[in-house]
Amino acid sequence: MMLVKAVLIYLLFVGSLALTETDMEAFVARTNIGASTGLRGKIYVTDTGNFWNIVANGVLDHVTGTFPGSFNPNSIEPQSYEPTITKKPSVAAEATCLSLWVTGIAMNGMAFYSPWTCTGLDTAKWELFYRCDGHPNWRGAYHYHRMSSCLIIIEEGMDSPLIGVAFDGFGIYGPNDENRDELTSDDLDECHARYSSSGSYQYHATRDFPYILGCFRGTPYNIGNNLPTWGNCRFGGAGPETDTVA
């Protein structure tokens with residue numbers, strides 16, 4: 001009997017950590033045509049049993065600045081994101097370092113990047129952002145290093161919704177918790193996450209560094225060829241030099 005109870009408790013706990021089918025159905029791109037590409041953003045989620053397979057083309061579904069521009073020579077180009085996300089994420093004993101590139105997918109199919117520049121500096125202080133708080137890199141990939149004002153509107157007195165999923169399977173939410181209080185990084189762990197009152201482990205985007213993720217608390221599965229082989233942990237060393245993204 002005790003074993004049965006233990007198994008049920010475990011299943012309830014694991015279930016509380018995972019994103020639901022309803023959560024994943026909300027991953028859609030709005031019907032806006034990207035001004036920079038003339039294309040429509042697309043994101044598809046397929047349930048394969050133990051995993052969610054996500055396919056997104058990285059085309060904007062909201063306004064942005066003009067690219068290339070005087071402070072950013074990069075154009076916005078369609079991408080090919082095809083991460084495989086576990087449906088049963090678990091909190092690992094040790095955190096996993098982030099890549100400097102894609103760390104998760106927003107609900108509109110755009111990429112979340114780490115909070116660091118290629119030399120290990122705070123992107124919000126050393127790079128330029130435009131309308132909607134994003135920009136393209138030298139590969140043409142438009143992305144967010146920090147919370148986008150076009151992805152979420154912070155409403156005082158309201159809890160924040162799901163805004164994306166990290167590559168380790170845990171959800172990414174806006175800054176307000178279930179008590180409708182706005183969180184800061186001081187309220188979160190080193191990976192920029194916390195347990196909610198319902199027992200769900202979840203990341204939160206905040207106004208302060210590291211903005212979205214500080215590390216992976218779970219284990220990323222097959223994330224394809226969208227990441228370099230090097231990474232960076234909070235307070236860790238930087239990856240190799242790349243072209244400057246202004």
Side-chain angles (χ1 to χ4, degrees), residues 11 13-34 37 39-62 76-92 95-114 134 136-137 139-145 148 151-152 161-174 191-193 200-205 212-213 215-231:
L11 291 175
F13 179 71
V14 170
S16 71
L17 296 178
L19 295 181
T20 66
E21 184 174 346
T22 300
D23 290 332
M24 299 309 292
E25 287 176 350
F27 279 69
V28 294
R30 289 165 286 194
T31 58
N32 304 343
I33 302 298
T37 62
L39 301 175
R40 176 180 171 182
K42 295 180 180 179
I43 178 170
Y44 304 103
V45 180
T46 304
D47 184 347
T48 63
N50 292 323
F51 301 95
W52 301 110
N53 284 349
I54 298 177
V55 176
N57 66 355
V59 171
L60 285 164
D61 68 344
H62 58 64
I76 298 176
E77 303 291 344
Q79 304 295 305
S80 179
Y81 300 125
E82 299 183 11
T84 298
I85 309 295
T86 180
K87 294 174 67 176
K88 298 179 180 179
S90 59
V91 175
T96 298
C97 300
L98 298 178
S99 161
L100 294 188
W101 290 359
V102 191
T103 60
I105 296 293
M107 296 182 73
N108 63 351
M110 304 308 295
F112 289 126
Y113 273 39
S114 87
N137 65 9
R139 300 172 67 196
Y142 186 92
H143 56 280
Y144 311 119
H145 290 278
S148 170
L151 188 62
I152 181 174
L162 180 73
I163 62 171
V165 61
F167 281 160
D168 60 1
F170 291 118
I172 304 171
Y173 293 78
C191 292
H192 219 231
S200 295
Y201 185 81
Q202 55 194 49
Y203 297 107
H204 284 273
I212 303 174
L213 267 66
C215 49
F216 290 119
R217 187 75 263 180
T219 304
Y221 188 63
N222 175 22
I223 48 182
N225 61 357
N226 297 310
L227 301 181
T229 56
W230 40 269

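This is a predicted model, so every value here is computed, not measured.
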Problem set entry | Main-chain N/O of Lys42 paired with Asn57 side-chain donor or acceptor, under 3.5 Å | yes
Exercise. Less than 4.5 Å apart, any side-chain heavy atom of Pro78 and any of Val59?
Worked result: yes
For this session: Working to the nearest 0.5 Å, report the span between OG1 of Thr22 and CG of Leu162.
Result: 11.5 Å
For this session: Please report the C-alpha distance between Phe112 and Ile163 in whole Å, then the side-chain angles of each, then the deciding distance to 0.1 Å, and finally whether the side chain to side chain contact (heavy atoms under 4.5 Å, CB included) criterion is met.
Result: CA-CA 11 Å; Phe112 289 126; Ile163 62 171; 4.2 Å; yes
Problem set entry | Closest contact, heavy atoms only, Gly169 versus Leu19 | O-CG, 4.2 Å
Problem set entry | Spacing of Tyr144 atom OH and Tyr113 atom OH [to the nearest 0.5 Å] | 12.5 Å
Exercise. Short question: side chain of His192, backbone of Tyr203 - any donor-acceptor pair under 3.5 Å?
Worked result: no
Exercise. For Cys97 and Cys215, is the interatomic SG distance under 2.5 angstrom?
Worked result: no
Seminar exercise, completed: When rounded to the nearest 0.5 Å, the distance separating CZ of Phe51 from CD1 of Ile85 is 10.0 Å
For this session: Measure the acute angle between the ring planes of Tyr173 and His204, then classify it against the limits of 30° and 60° as parallel, tilted or perpendicular.
Result: tilted
For this session: Might you confirm whether atom CD of Glu25 has over 12 heavy atoms from other residues, nucleotides or ligands at distances under 6.0 Å?
Result: yes
Exercise. Should Tyr81 and Val55 count as side-chain neighbours, where that means a heavy-atom distance under 4.5 Å?
Worked result: no
Problem set entry | Heavy-atom closest contact (Ser114 atom, Leu98 atom, distance) | CB-CD1, 4.1 Å
For this session: Taking the side chain as every heavy atom from C-beta outward, state whether Ile43 and Ile54 have any pair of such atoms under 4.5 Å apart.
Result: yes
Exercise. What is the distance from atom OG of Ser148 to atom NE2 of His62, rounded to the nearest 0.5 Å?
Worked result: 4.5 Å
For this session: Please report the C-alpha distance between Phe27 and Val165 in whole Å, then the side-chain angles of each, then the deciding distance to 0.1 Å, and finally whether the side chain to side chain contact (heavy atoms under 4.5 Å, CB included) criterion is met.
Result: CA-CA 10 Å; Phe27 279 69; Val165 61; 3.9 Å; yes
Seminar exercise, completed: Note: Thr96 and Gly218 closest approach over all heavy atoms is OG1-O, 3.8 Å
Problem set entry | Evaluation steps, side chain to side chain contact (heavy atoms under 4.5 Å, CB included), between Thr86 and Thr219 | CA-CA 9 Å; Thr86 180; Thr219 304; over 6 Å; no
Exercise. Do Lys88 side-chain atoms and Asn50 backbone N/O form a donor-acceptor pair below 3.5 Å?
Worked result: no
Problem set entry | Shortest non-hydrogen contact between Tyr201 and Cys191, atoms and distance | OH-CB, 4.0 Å
Problem set entry | Steps toward side chain to side chain contact (heavy atoms under 4.5 Å, CB included) verdict (Phe167, Thr103) | CA-CA 6 Å; Phe167 281 160; Thr103 60; 5.5 Å; no
Problem set entry | Pair Asn53, Thr84: side-chain N/O donor-acceptor within cut-off below 3.5 Å | yes
Problem set entry | Shortest non-hydrogen contact between His143 and Ala141, atoms and distance | ND1-O, 2.8 Å
For this session: For the residue pair Glu21 and Trp52, establish whether any side-chain heavy-atom pair is separated by less than 4.5 Å.
Result: yes
Exercise. What's the shortest heavy-atom distance between Gln79 and Arg139, and which atoms?
Worked result: NE2-O, 3.4 Å
